[in-house]
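A short worksheet on the structure shown next.
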Amino acid sequence: MAILVTGGTGYIGSHTVVELLTHDFDVVIVDNYSNSNPEVLNRILKITGKRPRFYQIDIRDEEKMRDLFIKEKITDIIHFAGLKSVAESVAKPDLYFSNNVGGSKVLLRLMDEFGIKNIVFSSSATVYGVPDHVPLKETDKVGGCTNPYGQNKLDIEYLLKDYASAHSNANIAILRYFNPIGAHPSGLIGEDPNGIPNNLMPYVTQVAVGKRPFLNVYGDDYQTVDGTGVRDYIHVVDLARGHLYALRKLAEKPGLVIYNLGTGRGTSVLELVHAFEQANGLKIPYQVAPRRPGDVDENYADCIKAYEEMGFKTEFDVVDACRDSWNWQKNNPNGYK
């Protein structure tokens with residue numbers, strides 16, 4: 001009786017595996033290391049005293065995945081596996097569709113074949129496209145995604161909804177993440193992007209550690225508190241814990257449920273930079289660059305549904321995330337390498 005975590009050595013996946021092991025779940029990871037590093041497994045062992053069973057497989061490889069399902073007694077799936085760079089998805093949309101949507105189709109076929117009823121899917125606030133208003137509720141319209149990555153997430157949501165319609169005993173939790181930041185308080189696992197970071201926090205920490213000379217702030221003329229974009233930054237440990245709440249919800253046999261996972265509060269780019277400086281006693285040089293296509297003024301979550309139906313609420317704030325991000329980066333200046 002095990003939980004299969006696809007993409008379990010990635011940023012959010014590894015933090016979720018730590019929470020699962022800490023709460024005595026039996027965990028099996030499948031990952032192809034396209035966005036992660038084998039050292040993650042050693043770090044998980046150091047934190048928890050446990051090493052999850054691991055299979056290096058691309059989830060699109062249906063034959064190898066079937067062998068895994070035959071060998072392991074899987075009862076629940078948490079599905080993280082997928083390419084995740086917005087910029088790369090624009091340059092390589094076919095690759096993203098093949099990997100993210102194609103891999104999810106394989107997983108659903110095997111769920112059906114092996115009678116697995118429960119799955120938690122790692123979706124994204126990008127499915128809301130350009131919001132008409134904030135905060136965003138789960139009942140708000142989706143679509144109009146500004147990049148193939150976001151469209152992939154929405155396509156997979158539609159796949160899951162179709163699967164739920166065809167399988168009355170399926171229990172599916174779609175979790176729409178807002179902006180994960182931070183790292184495990186131990187400093188042993190954290191965000192380790194390939195190349196130039198696409199996300200704000202690892203860019204800030206790489207400037208702080210001296211790997212980059214300054215931070216690019218993309219646009220300072222948005223209709224926000226200080227002209228910079230506002231997002232909902234959730235500590236990755238809080239986000240990881242949200243998956244445990246979702247598993248407990250699936251045990252109630254709810255059918256298909258959708259939840260936003262965020263803090264319910266917006267923080268601007270410059271507010272986050274200043275929080276990082278105050279939390280760590282550092283100065284982050286930055287320069288204003290042109291807006292990026294597709295960026296919106298504000299995007300943050302209404303999280304009432306997740307609290308009312310799952311009891312989920314965040315325990316950490318932006319300052320905690322800034323402290324933990326720096327603790328990770330200063331102790332691992334080159335990430336896991």
Side-chain angles (χ1 to χ4, degrees), residues 6-7 10-13 34-35 59-60 77-109 111 118-167 170-180 198-199 229 231-232 234 239 242-243 246 249-250 254-262 292-303 305-306:
T6 73
Y11 174 45
I12 303 170
S34 65
N35 283 312
I59 65 167
R60 291 175 294 177
I77 297 171
I78 302 179
H79 180 29
F80 296 104
L83 299 174
K84 61 178 185 175
S85 166
V86 168
E88 185 182 49
S89 77
V90 174
K92 303 176 180 178
D94 292 343
L95 171 64
Y96 268 63
F97 184 85
S98 168
N99 189 89
N100 297 359
V101 181
S104 299
K105 287 180 177 179
V106 168
L107 207 56
L108 288 174
R109 284 198 294 270
M111 278 184 63
N118 300 336
I119 183 169
V120 179
F121 172 57
S122 162
S123 192
S124 165
T126 56
V127 302
Y128 292 113
V130 179
D132 295 328
H133 62 271
V134 287
L136 285 159
K137 295 184 177 183
E138 293 86 349
T139 52
D140 285 332
K141 69 176 181 66
V142 295
C145 301
T146 58
N147 54 73
Y149 165 77
Q151 185 60 49
N152 286 168
K153 290 294 189 184
L154 187 56
D155 290 342
I156 297 166
E157 286 196 12
Y158 289 144
L159 283 177
L160 291 167
K161 290 175 181 177
D162 289 343
Y163 188 88
S165 296
H167 299 78
N171 301 300
I172 299 169
I174 294 172
L175 304 182
R176 292 174 178 163
Y177 307 163
F178 279 68
N179 295 72
N198 290 300
N199 297 327
R231 300 293 182 268
D232 189 336
I234 179 172
L239 183 60
H243 296 77
K249 183 65 180 177
L250 294 188
L256 186 140
V257 288
I258 301 173
Y259 300 110
N260 289 334
L261 291 187
R292 295 178 299 189
D295 278 351
V296 299
D297 294 320
E298 292 185 292
N299 190 326
Y300 59 93
D302 182 315
C303 303
K305 184 182 179 186

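- Note that Arg231 lies outside the cation-pi zone of Phe178, set by a 6.0 Å cut-off to the ring centre and a 45° limit from the axis.
- No hydrogens or angles considered: a donor-acceptor pair under 3.5 Å links the side chains of Asn118 and Asn171.
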query = Do Phe80 and Ile12 pass the side chain to side chain contact (heavy atoms under 4.5 Å, CB included) test, and can you show the C-alpha distance, the side-chain angles, and the key distance before you say yes or no?
reply = CA-CA 8 Å; Phe80 296 104; Ile12 303 170; 3.6 Å; yes
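- Heavy atoms only, all atoms of each residue included: Asn299 and Val134 are closest at CA-CG1, 4.0 Å.
- The distance from atom CG of Leu256 to atom CD1 of Ile172, rounded to the nearest 0.5 Å, is 5.0 Å.
- Rounding to the nearest 0.5 Å places CG of Asp155 at 11.0 Å from CG of Leu160.
- Between Leu107 and Ile77, the closest side-chain pair of non-hydrogen atoms falls below 4.5 Å.
- Side-chain contact between Ser123 and Leu175 is absent, with no heavy atoms from C-beta onward closer than 4.5 Å.
- Looking only at side-chain heavy atoms (C-beta outward), Tyr300 and Leu136 stay at 4.5 Å or farther from each other.
- Although no hydrogens or angles enter the test, the distance criterion places a donor-acceptor pair under 3.5 Å between the side chain of Glu138 and the main chain of Asn260.
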- Task: Run the numbers on Ile156 and Val101 for side chain to side chain contact (heavy atoms under 4.5 Å, CB included), then give the verdict.
- Result: CA-CA 6 Å; Ile156 297 166; Val101 181; 4.2 Å; yes
ask   = Are His243 and Phe121 close enough, and set up right, to give a ring-ring contact (aromatic ring centres under 6.0 Å, His included), and what steps lead you there?
value = CA-CA 9 Å; His243 296 77; Phe121 172 57; over 10 Å; no
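- Within the 4.5 Å cutoff, side-chain heavy atoms of Ile258 are placed close to those of Lys161.
- Between the side chains of Gln151 and Asn147, not a single donor N or O lies within less than 3.5 Å of an accepting N or O.
- The shortest side-chain heavy-atom distance between Asp295 and Thr146 does not fall under the 4.5 Å cut-off.
- One distance of note links CG of Leu159 with CG of Leu154; it measures 10.0 Å at 0.5 Å rounding.
- Ring planes of Tyr96 and Tyr149: perpendicular class, angle over 60° (limits at 30 and 60°).
- The CG atom of Asn100 sits 9.0 Å away from atom OG of Ser89, with the distance rounded to the nearest 0.5 Å.
- Distance CZ/Arg176 to OH/Tyr128: 4.0 Å, rounded to 0.5 Å.
- Listed here is the closest heavy atom pair of Ala81 and Ile59: CB-CD1, 4.0 Å.
- Counted within 6.0 Å of NZ on Lys305, heavy atoms from surrounding residues, nucleotides or ligands total more than 12; the atom is thus considered enclosed.
- Nearest heavy atom pair, residue Gly82 against residue Asn99, reads CA-ND2, 3.7 Å.
- When only modelled atom types and interatomic distance are considered, His79 and Ser122 share no side-chain donor-acceptor pair under 3.5 Å.
- Ion pairing between Lys137 and Asp140 fails under the 4.0 Å rule for side-chain N and carboxylate O.
- Listed here is the closest heavy atom pair of Lys249 and Pro254: O-CD, 3.3 Å.
- Minimum interatomic distance between Gly150 and Val127 (heavy atoms only, all atoms of both residues): O-CG1, 4.1 Å.
- Separation of atoms CD1 (Ile174) and OG (Ser124) is listed at 12.5 Å; rounding is to 0.5 Å.
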- Check against side chain to side chain contact (heavy atoms under 4.5 Å, CB included), Ser34 and Leu83: CA-CA 8 Å; Ser34 65; Leu83 299 174; 4.1 Å; yes
Could you walk me through whether Val86 and Asn198 pass the side chain to side chain contact (heavy atoms under 4.5 Å, CB included) check?
CA-CA 8 Å; Val86 168; Asn198 290 300; over 6 Å; no
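- Judged by distance alone, the side chain of Asp232 and the main-chain N or O of Ala301 form a donor-acceptor pair under 3.5 Å.
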